[in-house]
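Below is one structure, written out as structure tokens, with a few remarks after it.
Quick note: numbers below take in every heavy atom, side chains included, and nothing from hydrogens, waters or symmetry partners.
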Amino acid sequence: MSATTTASTEGHGPGTTRLRVLVYSDDVRTREQVVLALGRRVHPDLPELEYVEVATPAVVRQQMDTGRIDLAILDGEAVPAGGMGIAKELKDEIYACPPVLVLTGRPQDAWLATWSRAEAAVPHPLDPVLLAETVAGLLRGRPVVAAR
């Protein structure tokens with residue numbers, strides 16, 4: 001796999017940039033929770049978000065290979081492939097991989113997210129404020145420590 005990230009300029013008028021966020025989970029409710037928690041714009045100083053919702057590892061890889069994803073949010077509890085394993089694979093195989101946030105089953109699993117080389121982890125049940133703060137930090141390129 002090889003990819004570089006670029007923001008999308010489609011759909012909102014000339015020159016408008018949207019950040020593409022991949023949301024992976026086999027559970028449609030988890031994907032909905034993430035999208036609802038983040039909304040269209042995670043922070044006023046950041047561009048609008050465009051979501052790419054996926055339910056299978058193969059589509060995660062396909063989307064990441066496009067080079068058009070700015071942030072990947074991966075469900076660590078997904079089956080058959082969990083987000084932590086996918087995160088490690090992406091970090092190992094994609095040059096200049098975009099930031100990865102892993103949703104963990106519990107706060108104590110944050111060490112596994114570190115193993116996966118994800119930049120951040122947020123535990124289930126999802127706290128919308130913590131998720132939004134973490135995503136905003138990642139999209140700004142700042143180091144983030146989440147997992148309360």
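- With respect to the salt-bridge test (charged N to carboxylate O, under 4.0 angstrom), the residues K88 and E93 do not qualify.
- Every residue was checked against the side chain to side chain donor-acceptor pair (under 3.5 Å) condition with R41, not counting sequence neighbours, and none meets it.
- The local environment of CH2 in W111 is sparse, with at most 12 non-hydrogen atoms from other residues, nucleotides or ligands closer than 6.0 Å.
- Among L103, L74, T114, T104, the single residue meeting the side chain to side chain contact (heavy atoms under 4.5 Å, CB included) criterion with M84 is T104.
- Proximity of a side-chain donor or acceptor of R117 to a complementary backbone N or O of K91 within less than 3.5 Å is detected.
- Between G83 and V102, the shortest heavy-atom contact is O-CG2, 4.3 Å.
- Remark: the backbone N or O of V100 is paired with a side-chain donor or acceptor of E119 at under 3.5 angstrom.
- At a threshold of 4.0 Å, the pair R18-D70 does not count as salt-bridged, since none of the basic side-chain nitrogens sits closer than that to a carboxylate oxygen.
- Here the straight-line distance linking atom CG of L19 with atom CG of L38 works out to 11.5 Å at 0.5 Å rounding.
- Minimum interatomic distance between A81 and Y24 (heavy atoms only, all atoms of both residues): O-OH, 2.5 Å.
- In this structure, H43 contributes its side chain and D45 its backbone to a donor-acceptor pair below 3.5 Å.
- With sequence neighbours excluded, the residues forming a side chain to side chain donor-acceptor pair (under 3.5 Å) with D27 are R29, listed by chain and number.
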Checklist entry - Should L139 and L49 be marked as a side-chain contact (heavy atoms from CB on, under 4.5 Å) after you check the CA-CA gap, both sets of side-chain angles, and the distance that decides it? => result CA-CA 10 Å; L139 291 173; L49 303 179; 3.8 Å; yes
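- Distance check: I69 CD1 to Q63 CD gives 5.0 Å after rounding to the nearest 0.5 Å.
- Atoms SG and CE, on C97 and M64 in that order, are 4.0 Å from each other to the nearest 0.5 Å.
- In this structure, the side chain of E77 engages the main chain of G105 through a donor-acceptor pair within 3.5 Å.
- Between V60 and L90 the shortest side-chain heavy-atom distance falls below 4.5 Å.
- Among residue pairs with one or both ends in residues 97-116, those qualifying as salt bridge (Lys or Arg N to Asp or Glu O under 4.0 Å) are R106-D109; sequence neighbours excluded.
- Under the rule for a side chain to side chain donor-acceptor pair (under 3.5 Å), D26 has no partner lying at least two apart in sequence or in another chain.
- The side chain to side chain donor-acceptor pair (under 3.5 Å) search around S25 returns D75, not counting sequence neighbours.
- With rounding to the nearest 0.5 angstrom, the CG atom of L131 is 10.0 Å from the CD atom of Q33.
- Of the inter-residue distances, the one linking L101 atom CG with T134 atom OG1 reads 6.0 Å to the nearest 0.5 angstrom.
- Listed by chain and residue number, R31 satisfy the salt bridge (charged side-chain N to carboxylate O under 4.0 Å, His left out) test with E53 (two or more places apart in sequence, or in another chain).
- Under the rule for a side chain to side chain contact (heavy atoms under 4.5 Å, CB included), the partners of T56 that lie at least two apart in sequence or sit in another chain are A58, V59.
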Under the criterion side-chain contact (heavy atoms from CB on, under 4.5 Å), I'd like the reasoning laid out for I73 against L22: C-alpha separation, chi angles, the key distance, then a yes or no. CA-CA 6 Å; I73 300 175; L22 181 136; over 6 Å; no
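- Minimum heavy-atom separation, P57 to I86: CB-CD1, 3.9 Å.
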